[in-house]
Chemist: 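Before I ask anything, let me first share the structure, which is written out below as structure tokens.
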Number of protein chains: 2
Amino acid sequence: MEVRTRLNRERVLLAAVSLADGEGLDALSMRRLAQHLGVVPMALYKHVANKEQLLDGMVEVLVAEIDPPLVGTDWRTAVRARVLAARRVLRRHPWARPVLETRVVVTPAVLGYLDQTIAMFRAGGFSDDLTHHVMHALGSRAWGFTQELFDTPTPPPEDPAVLVALAHAFPNVAAVAAASSHDSSAVDGGCDDQAEFEFALDLMLDGFARMHAQGWTSRPG
Amino acid sequence: MEVRTRLNRERVLLAAVSLADGEGLDALSMRRLAQHLGVVPMALYKHVANKEQLLDGMVEVLVAEIDPPLVGTDWRTAVRARVLAARRVLRRHPWARPVLETRVVVTPAVLGYLDQTIAMFRAGGFSDDLTHHVMHALGSRAWGFTQELFDTPTPPPEDPAVLVALAHAFPNVAAVAAASSHDSSAVDGGCDDQAEFEFALDLMLDGFARMHAQGWTSRPG
DNA sequence: GTCCCGAGGTGTACTGCGTACACCTGTCGT
DNA sequence: ACGACAGGTGTACGCAGTACACCTCGGGAC
């Protein structure tokens, strides 16, 4: 179509991100990506080794979008802000979660992010031992997402009779679901993801603070 | 080969589980599954609607393997035991985590599991409100797994020079990794997944207990 | 005993995927 | 002016999931 500037790794990665943003992860095939770039599929392989490395590269782009760490605050504020910053990025790019979940090699960009997060705990006086456990406990929450029990929160069935039957078969689920839809923060019977996320995050941060204060050690001698 | 008994949904699901157990999730294609059953691929579609529902069915099989809930104990013991029971099942079936992560509809089997777990909190006197938040906070941990930051714990590079360079570039990661490999519970420089899991689980259960004791409510009025 | 009907198994075919491999082409250092 | 080589091309292969038309039995109704 237009004047086709030379391809390069960055152009490929940005196009991939934009395609995944716009049309979803399923639409991101090497073929479709090439088409978007006005190029033949195999041309991409001159810039990324394979699809796996394309996805790795997309994660690089992602990480670069996360706001830089706060400086000059206590560990808790810093960690909380950083995690929520990561979360904002992930929410802008819905494809990011499944992609992160399936990464298998740790790229330097990812290592850099982890390093900065770890640095916050260490700067806050956490022992390396405790920091290690704490990072594991955070798990994917350090990226700003949680694996929910299920993605779609039980699409309400058309037939009210079905709903009644469900409520009968699973009374506890029903009761709790009812409680959550009375919640003021919820929009329409669903629940507020952000509030749930922060609830759990603060729960963990509280726990971390307490253990830190008590001089916790993995060797309970 | 042998006398081919009639196919049915259960035989298909069990064969799928066994194939995934033995050869990994990647090897589980409709074609290969059919082959294992001595049948043509399209025959499977008489018993499951499509691959997605095959995977849903495999989760049913999984859930059925989880030990039944303890009765007559406090909520904390019951929840802890149940989650660890789920974890044992998941560890027997490495394919289960990625499959659970990608499920999109909630089948009755899954709802049943959730219902039982929710019941434990409610029986322990948790408000429906708190129970709701607590279940979200548990997230995938209720299934006995956590999304780790990355799967393979940084395969140690052959070249020691690379390792030194990495340690230089990411000093905090390096320090914490070093601390974890001194840990007695770790085997060979890696870290003990089970210990990390229980650490985080107990952290959350502690938090839950504290909030419950304080009569926590989502309306901080 | 005959017949038919429907559940269950078959065969063929389509689209789309990732990517190997051989090839062409335009640019730049000499 | 030329050769090398980075970057774009074309063709092809194997594997996926699955639509659709077909065949084949085994068992109930008469």
Chemist: Fit a plane to each ring of B:His93 and B:Trp95, take the angle between them on a 0 to 90° scale, and name the class: parallel (under 30°), tilted (30 to 60°) or perpendicular (over 60°).
Modeler: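 Judged by the thresholds at 30° and 60°, the geometry between B:His93 and B:Trp95 is tilted.
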Chemist: Determine yes or no for a side-chain-to-main-chain donor-acceptor pair under 3.5 angstrom, with A:Arg97 supplying the side chain and A:Thr146 the backbone.
Modeler: yes
Chemist: Mind calculating the distance between CG (B:Leu54) and C1' (D:dT18) to the nearest angstrom?
Modeler: 14 Å
Chemist: Please verify the inter-ring angle class for A:Phe208 with A:Phe121; under 30° counts as parallel, over 60° as perpendicular, anything in between as tilted.
Modeler: perpendicular
Chemist: Taking atom C1' of D:dT9 as reference, at what distance in whole Å does atom CG of A:Leu44 sit?
Modeler: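 Those two atoms, CG and C1', are 12 Å apart.
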Chemist: Look at the side chain of B:His133 and the backbone N and O of B:Asp129, then say whether any donor-acceptor pair between them is shorter than 3.5 Å.
Modeler: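 Answer holds: yes.
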Chemist: Taking atom C1' of D:dA16 as reference, at what distance in whole Å does atom CG of B:Leu25 sit?
Modeler: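 Checked: the CG to C1' distance equals 14 Å.
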Chemist: Quick one: is B:His47 getting a side-chain N or O under 4.0 Å of the C:dG9 phosphate, OP1 or OP2?
Modeler: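 Indeed, a polar side-chain atom of B:His47 lies that close.
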Chemist: Take A:Asp21 and A:Arg92, measure what salt bridge (charged side-chain N to carboxylate O under 4.0 Å, His left out) needs, and give me the verdict at the end.
Modeler: CA-CA 8 Å; A:Asp21 281 348; A:Arg92 279 204 296 275; over 6 Å; no
Chemist: Could you tell me which non-hydrogen atom of B:Met58 sits nearest to which non-hydrogen atom of B:Leu13, and how far apart they are?
Modeler: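 For B:Met58 and B:Leu13, the tightest heavy-atom pair comes out as N-CD2, 4.1 Å.
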Chemist: Strictly under 4.0 angstrom, non-hydrogen atoms only: write out the protein contact profile of nucleotides 11-27 of chain C, one letter per nucleotide from the 5' end, B, S or -.
Modeler: B-B---BBBBB------
